[in-house]
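Below: the structure, in structure tokens.
Below, chains carry the letters A, B, ... as their sequence lines are ordered, and counting in each starts from 1.
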Amino acid sequence: MKTHIQQLLAGALQTLQQQGTLPADLSFDLHVERTRDKNHGDFACAIALDLAKKARRKPREVAEQIVAALSISALITKVEIAGPGFINFFMAPQALLRVVNDILEAGEAYGRSTVGHGQRVQVEFVSANPTGPLHVGHGRGAAYGAAVADLLVAAGFHVHREYYVNDAGRQMDILATSVWLRYLEQCGEEFTFPANGYRGDYVQQISMRLRQMHNDLFRRQAQQIFAGIPADEPAGGDKEQHIDALIERCKQLLGAGHYRTVFDAGLNEILADIRDDLEQFGVAYEEWFSERSLTSSGAVERALQRLKASGHLYEQQGAWWFRSSAFGDEKDRVVIRDNGQHTYFASDIAYHMDKMERGYTRVIDIWGADHHGYIPRIKAALAALGYDPNRLDVLLVQFAILYRGGEKVQMSTRSGQFVTLRELRGEVGKDAARFFYVTRKCEQHMDFDLDLAKSESNDNPVYYIQYAHARICSVLQQLAERGISFGPDDIRNARLDRLVESHEIDLLHMLSRYPETIETAALSCQPHQLAHYLRELAAALHAYYNAHAFLREEPEVRSARLVLITATRQVLYNGLSLLGMHAPQRM
RNA sequence: GCGCCCUUAGCUCAGUUGGAUAGAGCGUUGGAUUCCGAUUCCAAAGGUCAGAGGUUCGAAUCCUCUAGGGCGCGCCA
């Protein structure tokens with residue numbers, strides 16, 4: 001409907017330009033919007049106000065000329081000029097009723113569009129270090145990223161979802177060393193566990209299984225391990241130096257092969273846990289991309305060579321620096337350390353180069369807000385490699401603060417005292433978690449009320465929406481019990497023009513807004529628009545249900561109403577599915 | 001200190017990308033229902049859009065400054 005009006009207006013403007021009534025070189029973007037006030041019709045356009053300025057004419061005069069040039073449409077009953085020069089459109093009743101048939105014909109496809117034209121988009125999200133289970137902070141990124149990706153699919157994009165696995169680097173070495181030390185404790189060795197090691201229970205589990213498989217194969221004497229290692233923090237030393245020395249000792253005592261075995265035991269087990277966790281959260285990926293593969297494939301080397309060849313690298317104090325400050329970053333960044341190892345940033349450059357080489361028209365990275373400082377350097381690297389940095393969009397997701405019983409739930413990663421995503425799902429369920437996470441704009445700090453999320457009451461929007469769906473199912477369930485026939489023929493022959501009540505008109509308007517909601521939510525990467533829409537749609541259904549009986553009316557009205565709520569059920573189902581939620585038949 | 005983000009009703013948040021009289025939910029107050037599921041519905045009260053300037057036909061939305069809050073400023077990942 002919206003695009004129909006846009007086409008009408010575009011036609012009128014073209015006519016006026018050809019006539020010379022309006023300058024031919026006038027540029028404008030047609031913006032048709034839904035009205036807030038019913039007195040202003042169904043759709044409004046402020047184009048005359050925009051053009052009046054550019055053409056130096058009176059807005060109302062321009063509006064009148066546009067309206068005069070509009071071609072006639074059976075879907076529009078009235079066009080009005082109002083206020084300073086708004087053009088208001090009033091929809092014909094049959095145009096509104098058409099939405100019901102559109103929905104029933106399209107079924108699960110209702111709301112999908114082709115605006116994306118099959119453009120290839122990559123969405124990378126979560127990408128948490130596999131050093132421990134996902135926590136509730138990752139959960140928001142997961143729910144948000146999945147919803148954005150699914151919305152883009154619905155809008156006709158070809159989406160590639162990807163998880164970047166940080167399976168290399170110091171944090172992973174710390175994990176491997178932590179696993180090994182716990183293993184040694186189980187072998188009977190006695191020592192003080194490093195302050196900077198990973199202390200979570202899952203590390204114990206991994207080391208236990210490691211020992212079950214390999215017995216004492218990796219056992220070394222504590223004395224030998226800690227000989228000459230600088231003191232840990234509690235002993236008055238530096239915890240970073242302490243752990244780094246332990247990592248080196250671990251590698252040296254185990255040898256490359258056995259070290260890799262211990263390392264992979266930690267990596268694989270945690271990664272398997274993360275995969276399973278996300279799967280149960282309804283989040284699926286096309287690809288799990290290994291950071292390590294960037295080194296083995298030579299991508300890192302190649303990226304650095306390209307930068308070096310184009311003069312964007314320089315050597316200083318034994319290290320190689322990328323001149324990112326030449327591309328808007330606040331300072332230059334090291335890519336190869338003086339010990340010859342490349343930095344995490346070097347991998348990141350290679351990874352983003354690889355994304356560009358894969359030919360996506362658009363690359364979306366979803367990061368935690370604490371990483372915002374990395375955006376300029378990544379964009380700088382893309383520019384230095386000769387790519388358009390605007391192909392990359394980095395979306396930042398703010399943290400979520402949990403509340404239970406009105407109190408903030410305290411969390412800190414270092415002590416291992418964080419609420420995991422798995423625990424959250426266990427407490428409030430998948431549906432509530434998915435919904436609550438995406439109900440706020442991503443750049444907005446979020447208060448996550450656990451009590452509300454798990455309450456079975458109308459305060460809880462998840463229940464409210466799902467109940468609307470279940471309620472329709474319940475009504476349709478009554479048909480058989482009451483011996484009322486309502487089959488495909490009844491649907492096809494339904495007298496939809498019997499839908500005249502204000503609640504019915506409201507509901508029809510809500511239903512017709514769904515495709516627009518999907519499109520704008522997708523194009524702006526704002527799934528919260530869909531979440532809010534679903535709440536409004538559910539409210540319209542509940543209000544209708546309460547105001548009118550469906551099953552006790554005369555057959556024509558009854559059938560029309562049943563068709564309307566069947567369509568509503570379909571849209572509720574489609575919207576809930578897009579957010580990864582169930583649409584229950586009964587609750 | 002520098003940079004990025006946030007600030008809208010008592011609370012949690014929307015606000016169709018610059019449009020018409022700023023909206024929901026919760027909470028508060030008052031009301032409805034012999035019923036297809038009371039996990040429902042209707043109504044009222046509640047606002048200096050953090051503050052001050054500016055841009056223009058028109059600003060919660062764009063620009064500048066100020067205040068408050070969050071985050072980031074490693075040859076860590």
Side-chain angles (χ1 to χ4, degrees), chain A residues 2 31-37 39-40 44-46 49-50 52-53 58-59 82-86 88 129 131 166 168-174 240 244 291 316-321 330-331 333-339 341-345 347-348 368-376 396 398-399 403 439-441 443-449 452 455-461 463-464 466-468 470-472 474-479 481-482 484 513 516-517 520-521 524 526 528-529 531-532 535-536 539 542-553 558 561-562 565 586-587:
Chain A
K2 209 170 185 174
H31 201 66
V32 175
E33 55 191 34
R34 293 211 175 240
T35 55
R36 200 171 292 185
D37 187 336
N39 294 323
H40 301 144
C45 183
L49 295 165
D50 186 32
K53 198 190 313 182
K58 288 181 184 167
F86 293 101
N88 294 336
N129 283 347
T131 53
N166 295 113
R170 180 165 173 265
Q171 291 304 319
M172 288 306 295
D173 282 327
I174 294 177
E240 307 291 348
D244 282 338
E291 179 189 353
Q316 191 177 70
Q317 293 175 341
W320 282 88
W321 298 69
E330 51 188 23
K331 59 192 218 180
R333 310 289 173 178
V334 170
V335 287
I336 302 175
R337 287 188 263 168
D338 58 7
N339 65 9
Q341 291 196 315
H342 65 250
T343 59
Y344 175 87
F345 178 48
S347 301
D348 243 8
D370 53 335
H371 287 75
H372 70 258
Y374 292 80
I375 299 173
L396 299 174
Q398 292 288 342
F399 295 122
Y403 284 82
T439 203
R440 305 281 174 248
K441 280 191 294 207
E443 66 265 32
Q444 190 75 254
H445 296 104
M446 180 172 68
D447 290 341
F448 194 125
D449 186 338
L452 180 60
S455 83
E456 302 192 358
S457 75
N458 56 338
D459 302 355
N460 184 348
Y463 268 78
Y464 185 79
Q466 290 184 321
Y467 179 53
R471 191 169 229 185
I472 295 169
S474 171
V475 171
L476 298 174
Q477 193 74 37
Q478 296 281 326
L479 295 174
E481 291 167 26
R482 298 183 177 220
I484 299 171
R513 269 179 49 198
E516 295 159 28
T517 304
T520 54
S524 58
Q526 298 187 336
H528 76 271
Q529 291 188 14
H532 285 272
R535 209 201 175 284
E536 279 183 65
H542 286 309
Y544 179 36
Y545 177 95
N546 204 258
H548 299 283
F550 310 148
L551 295 180
R552 290 172 305 137
E553 285 290 340
R558 184 181 66 214
R561 290 180 173 176
L562 291 175
I565 63 168
R586 66 172 63 87
M587 298 168 68

Rounding to a whole Å, what distance do you find between His542(A):NE2 and C42(B):C1'?
15 Å

Is there a side-chain contact between Asn166(A) and Tyr344(A) in this structure, where contact means two heavy atoms from C-beta onward sitting under 4.5 Å apart?
yes

Whether the side chain of Arg561(A) engages the backbone of Ala549(A) through a donor-acceptor N/O pair (distance < 3.5 Å, no angle test) should be reported.
yes

Rounded to whole Å, please give me the gap between CG in Asn546(A) and C1' in A38(B).
9 Å

Could you tell me whether the phosphate oxygens of C41(B), OP1 or OP2, come under 4.0 Å of any side-chain nitrogen or oxygen in Tyr464(A)?
yes

Quote, to the nearest angstrom, the C1' distance that separates G30(B) from G18(B).
40 Å

On the nucleotide G37(B), are OP1 or OP2 found under 4.0 Å from the side-chain N or O atoms that Gln478(A) carries?
yes

Thr131(A) and Gln171(A): side chain donor to acceptor below 3.5 Å:
no

Arg586(A), nearest nucleotide to its side chain (from A77(B), A14(B), G37(B)):
G37(B)

Sugar-phosphate, base or nothing in reach of Ala46(A), heavy atoms under 4.0 Å
base

Quick check against the 3.5 Å criterion: does His542(A) have a side-chain atom that pairs as donor or acceptor with the backbone of Tyr464(A)?
yes

So what does Ala319(A) touch, heavy atoms closer than 4.0 Å: a base, only the sugar-phosphate, or nothing?
base

With a 4.5 Å heavy-atom cut-off, do Thr343(A) and Asp348(A) have their side chains touching?
no

Once the angle between the rings of His528(A) and His532(A) is folded into 0 to 90°, is it parallel (under 30°), tilted (30 to 60°) or perpendicular (over 60°)?
perpendicular

Taking Asn460(A) for its side chain and Leu452(A) for its backbone only, find out whether a donor-acceptor pair lies under 3.5 Å.
yes

Would you classify Gln398(A) as touching base, sugar-phosphate or nothing, given that sugar-phosphate means primed atoms plus P, OP1 and OP2, and contacts are heavy atoms under 4.0 Å?
sugar-phosphate

Can you tell me whether the side chain of Asp348(A) and the base of A77(B) have a donor-acceptor pair closer than 3.5 Å?
no

Consider the side chain of Asp447(A), meaning its heavy atoms from C-beta on, and name the nucleotide among U12(B), G15(B), A38(B) that approaches it most closely.
U12(B)

When the P atoms of G70(B) and G31(B) are compared, how many Å lie between them, rounded to an integer?
44 Å

With stacking defined as ring centroids separated by under 5.5 Å and planes differing by under 30°, is His371(A) stacked against G72(B)?
no

RNA chain B stem ranges, 3 or more consecutive Watson-Crick or G-U pairs under 3.5 angstrom
B:1-7 with B:67-73, B:10-13 with B:23-26, B:28-32 with B:40-44, B:50-54 with B:62-66

Calculate the interatomic distance between His445(A) atom NE2 and C5(B) atom P; express it in whole Å.
12 Å

Between A20(B) and Phe86(A), is there a base-stacking contact, meaning the centre of the base's six-membered ring lies under 5.5 Å from the residue's ring centre while the planes stay under 30° apart?
yes

Heavy atoms under 4.0 Å, any strand shown: does Ser455(A) hit a base, just sugar-phosphate, or nothing?
nothing

Mind checking if Met587(A) touches a base, just sugar-phosphate, or nothing, with heavy atoms under 4.0 Å?
base

Scan Arg34(A) against the nucleic acid and name what it touches under 4.0 Å (heavy atoms): base, sugar-phosphate only, or nothing.
base

Using the side-chain heavy atoms of Lys331(A), tell me which of these nucleotides is nearest: A77(B), C26(B), C73(B).
C73(B)

If I pick the P atom on A14(B) and the same atom on G53(B), what distance separates them, to the nearest angstrom?
28 Å

Nearest-Å distance once atom C1' is located in both G27(B) and C13(B)
14 Å

State which of C36(B), C75(B), G37(B) makes the closest approach to the side chain of Arg471(A).
G37(B)

Students often get this wrong, so: under 4.0 angstrom with heavy atoms, is His548(A) touching a base, only sugar-phosphate, or nothing?
base

What contact category does Glu240(A) fall into here, base, sugar-phosphate, or nothing, at under 4.0 angstrom with non-hydrogen atoms?
nothing

Does Arg36(A) make a side-chain donor-acceptor contact with the base of U16(B), cut-off 3.5 Å?
yes

Which value, in whole Å, describes the distance between the P atoms of nucleotides C65(B) and A20(B)?
29 Å

Any donor-acceptor pair under 3.5 Å between the side chain of His372(A) and the base of G3(B)?
yes

Give one of base, sugar-phosphate or nothing for Asp244(A), where a contact means two heavy atoms less than 4.0 Å apart.
nothing

Spacing between Ile375(A) atom CD1 and C73(B) atom P, to the nearest angstrom
13 Å

With the side chain of Thr35(A) defined as its heavy atoms from C-beta on, choose the nearest nucleotide among A20(B), G19(B), C13(B).
A20(B)

A14(B) phosphate, OP1 or OP2: any side-chain N/O from Gln526(A) under 4.0 angstrom?
no

Taken to the nearest whole Å, CZ/Phe399(A) to P/G70(B) is 13 Å

Spacing of the C1' atoms in U61(B) and G19(B) (rounded, Å)
11 Å

Could a donor-acceptor pair under 3.5 angstrom be found where the side chain of Tyr544(A) meets the base of C42(B)?
no

To the nearest angstrom, the CZ-C1' distance between Arg333(A) and A77(B) comes to 15 Å

Between A59(B) (P) and Asp50(A) (CG): distance, integer Å:
16 Å

note: Met446(A), atom CE; C5(B), atom C1'; distance rounded to Å ~ 16 Å

Residue Asp37(A), side-chain atoms from C-beta onward, closest of G37(B), U21(B), U39(B):
U21(B)

Under 4.0 Å, counting only non-hydrogen atoms across every strand here, what does Ala44(A) touch: a base, just sugar-phosphate, or nothing?
base

Name the orientation class of the two ring planes belonging to Phe550(A) and Tyr544(A) (parallel below 30°, tilted from 30 to 60°, perpendicular beyond 60°).
tilted

